[in-house]
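Index from 1, following the sequence.
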Amino acid sequence: MSSTPFATSDSATPPQGAGAATPAFSPLYQQIKALILHSLQHGEWKPGEAIPSEIELAARFRVSQGTVRKAIDELAAENLVMRRQGKGTFVATHAERHVQYRFLKLQPDVGDAREEGPAQRRILECRRMRATAEIARSLALRTGDPLIQVRRVLSFSHIPTILEDIWLPGQAFKGLTAEQMADYQGPTYAMFELDFGVRMVRAQEKIRAVVPDEGQAQCLEIPATTPLLSVERIAYTYNDVPMELRRGLYRTDTHHYRNDLS
């Protein structure tokens with residue numbers, strides 16, 4: 001990455017003669033944040049690895065240490081990096097427990113997810129397909145682009161609790177197999193990081209109440225009249241690139257969907 005010097009003021013100044021349509025220039029710390037994000041996106045620092053110190057980054061970008069600190073503060077607030085007292089700043093990873101549970105919203109009615117332990121996974125299907133127009137729109141692909149579709153059941157205490165359909169861009173996840181999905185013992189998003197270099201950094205979800213069709217009810221071993229939560233998630237990697245469409249049906253007789261707001 002270039003070490004091109006930046007202006008040392010808090011924000012860059014628009015060029016002379018710029019018209020009203022000229023976009024506003026971003027503050028300097030946001031420019032540094034964008035450069036750090038570029039390095040994260042291109043794998044210069046892997047999940048779990050330390051990034052250079054604030055002093056080193058300030059020298060690299062030829063800006064003040066305070067400017068770098070402000071950029072890293074925002075990245076930390078967005079859960080893209082983690083500060084560790086006395087050790088430095090590290091790229092956030094889904095292998096970290098507190099990151100794992102950001103994306104796990106279904107909680108047991110008794111105890112919590114940490115006590116309950118990981119779900120048992122049963123892969124029903126893992127196949128290559130071509131993107132329909134609907135899925136292509138969700139993943140910013142073209143109709144007909146290669147996809148991988150996974151269908152699985154997640155069980156807790158051997159009770160089928162979640163039925164999930166997952167669609168992934170075929171190029172980014174080339175080689176993914178059902179065995180790989182079933183055998184990995186950690187969080188699925190950690191496996192995506194480790195094996196494919198894809199880190200999910202945020203997600204958007206839509207939730208509605210539904211009843212299952214006959215096939216879905218059979219997978220979850222419930223009567224077809226059982227009310228379920230339908231959760232549709234689009235997960236994004238750096239720079240808001242969509243990398244997963246996930247549709248899940250959740251039983252709520254022993255679990256509830258929890259969302260902490262702040």
Student: Should the heavy atoms of other residues, nucleotides or ligands under 6.0 Å from CZ of Arg208 be counted, would the total exceed 12?
Tutor: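 12 or below, so no.
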Student: Would you check if Leu228 and Arg251 make a side-chain contact, meaning some heavy-atom pair closer than 4.5 Å?
Tutor: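 The answer is yes; the side chains approach within 4.5 Å.
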Student: Determine, step by step, whether Phe192 and Leu168 satisfy the side chain to side chain contact (heavy atoms under 4.5 Å, CB included) criterion, reporting the C-alpha distance in whole Å, the side-chain angles of both residues, the deciding distance to 0.1 Å, and the verdict.
Tutor: CA-CA 11 Å; Phe192 289 169; Leu168 304 164; 3.8 Å; yes
Student: Are Val211 and Tyr250 connected in the hydrophobic side-chain network, where two residues link if heavy atoms are under 4.5 Å apart?
Tutor: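 Looking at the clustering, Tyr250 is in a separate group from Val211.
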Student: Could you tell me whether Gln218 atom CD has more than 12 heavy atoms of other residues or ligands within 6.0 Å of it?
Tutor: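 12 or below, so no.
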Student: Roughly how far, to the nearest 0.5 Å, is CG of Asp165 from CZ of Arg151?
Tutor: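 Spacing of CZ (Arg151) from CG (Asp165) equals 4.0 Å.
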Student: If hydrophobic clusters are built by linking Ile, Leu, Val, Met, Phe, Trp and Tyr wherever their side-chain heavy atoms come under 4.5 Å apart, do Leu80 and Ile36 end up in the same one?
Tutor: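 They do share one cluster, since a chain of ILVMFWY contacts under 4.5 Å joins Leu80 to Ile36.
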Student: Which pairs, with at least one residue in residues 195-244 and sequence neighbours excluded, count as a ring-ring contact (aromatic ring centres under 6.0 Å, His included)?
Tutor: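 Listed by first then second residue: Phe173-Phe196.
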Student: Could you walk me through whether Thr226 and Leu220 pass side chain to side chain contact (heavy atoms under 4.5 Å, CB included), step by step?
Tutor: CA-CA 10 Å; Thr226 304; Leu220 290 172; over 6 Å; no
Student: What I'd like to find out is whether the side chain of Phe156 reaches to under 4.5 Å of the side chain of Thr254, using heavy atoms alone.
Tutor: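 A side-chain contact is absent here, since even the closest heavy-atom pair is not under 4.5 Å.
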Student: Report yes if the side chains of Gln149 and Cys126 come closer than 4.5 Å at any heavy-atom pair, otherwise no.
Tutor: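 No, their side chains stay 4.5 Å or more apart.
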Student: Quick one, Glu232 and Leu245 - any side-chain contact, counting heavy atoms below 4.5 Å?
Tutor: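 Yes. Closest side-chain heavy atoms under 4.5 Å.
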Student: Okay, side chain of Thr161, backbone of Ile159: is any donor-acceptor separation there less than 3.5 Å?
Tutor: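 It does hold such a pair.
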Student: Donor-acceptor pair, Glu49 side chain versus Lys46 backbone, under 3.5 Å?
Tutor: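 Checked: pair present.
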Student: For Arg122, which residues count as a side-chain contact (heavy atoms from CB on, under 4.5 Å) partner, sequence neighbours excluded?
Tutor: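 Only Leu124, Val153 meet the side-chain contact (heavy atoms from CB on, under 4.5 Å) criterion with Arg122.
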Student: May I ask you to test the Ile148-Arg128 pair for a side-chain heavy-atom distance under 4.5 Å?
Tutor: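 Of all side-chain heavy-atom pairs linking Arg128 with Ile148, at least one is under 4.5 Å.
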Student: Give the minimum heavy-atom separation between Ser39 and Trp45, together with the two atoms involved.
Tutor: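 Looks like CB-CZ3, 3.5 Å.
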Student: Would a single hydrophobic cluster contain both Leu229 and Ile162, if residues Ile, Leu, Val, Met, Phe, Trp and Tyr are joined by side-chain heavy-atom contacts under 4.5 Å?
Tutor: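 The answer is yes; both residues are in one hydrophobic cluster.
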Student: Linking I/L/V/M/F/W/Y whenever their side-chain heavy atoms sit closer than 4.5 Å, directly or via other members, would Leu139 and Leu176 fall into one cluster?
Tutor: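 Unlinked, Leu139 and Leu176 end up in two clusters.
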Student: Tell me, with the steps shown, if Ile72 and Arg83 meet side chain to side chain contact (heavy atoms under 4.5 Å, CB included).
Tutor: CA-CA 9 Å; Ile72 291 176; Arg83 296 186 185 275; 3.2 Å; yes
Student: Would you mind reporting whether Pro146 and Gln171 have side-chain heavy atoms less than 4.5 Å apart?
Tutor: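 A side-chain contact exists here, since the closest heavy-atom pair is under 4.5 Å.
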Student: When rounded to the nearest 0.5 angstrom, what distance separates CZ in Arg199 from CE in Met243?
Tutor: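 The CZ atom of Arg199 sits 13.5 Å away from the CE atom of Met243.
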Student: Side chains of Val68 and Arg60: does their closest heavy-atom pair fall under 4.5 Å?
Tutor: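 Side-chain contact under 4.5 Å: no.
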Student: Decide yes or no for Met181 and Met191: does some side-chain heavy atom of the first lie under 4.5 Å from some side-chain heavy atom of the second?
Tutor: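 Met181 vs Met191: side chains touch.
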Student: Working to the nearest 0.5 Å, report the span between CG of Asp183 and CZ of Arg121.
Tutor: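 It is 10.0 Å, given to the nearest 0.5 Å.
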Student: Determine, stepwise, if the pair Ile32 / Val63 fulfils side chain to side chain contact (heavy atoms under 4.5 Å, CB included).
Tutor: CA-CA 9 Å; Ile32 301 304; Val63 296; 4.0 Å; yes
Student: From Phe61 CZ over to Glu56 CD, what is the distance, rounded to the nearest 0.5 angstrom?
Tutor: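 Phe61 CZ to Glu56 CD: 11.5 Å, rounded to 0.5 Å.
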Student: Quick one: closest heavy-atom pair of Pro47 and Glu193, and the distance?
Tutor: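 Nearest pair, atom of Pro47 first, then Glu193: CB-OE1, 3.4 Å.
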Student: Between the side chains of Arg152 and Thr188, does any donor sit under 3.5 Å from an acceptor?
Tutor: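 Present: a donor and an acceptor within the cut-off.
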Student: Output yes when a side-chain donor or acceptor of Gln216 lies under 3.5 Å from a complementary backbone atom of Glu214, and no otherwise.
Tutor: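 The answer is no, because no donor-acceptor pair under 3.5 Å joins these two groups.
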Student: Treating Ile, Leu, Val, Met, Phe, Trp and Tyr as nodes and any side-chain heavy-atom pair under 4.5 angstrom as an edge, say whether Ile166 and Leu163 lie in one connected cluster.
Tutor: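 No, no single cluster joins them.
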Student: If a pair satisfies salt bridge (Lys or Arg N to Asp or Glu O under 4.0 Å) and one of its residues is in residues 25-40, list it, with sequence neighbours excluded.
Tutor: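 Sorted result for residues 25-40: Lys33-Glu74, Lys33-Glu78.
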Student: With a 3.5 Å distance limit and no angle check, can you tell me whether Asn239 reaches the backbone of Val241 through a side-chain donor-acceptor pair?
Tutor: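 Here the side-chain-to-backbone pair does not exist.
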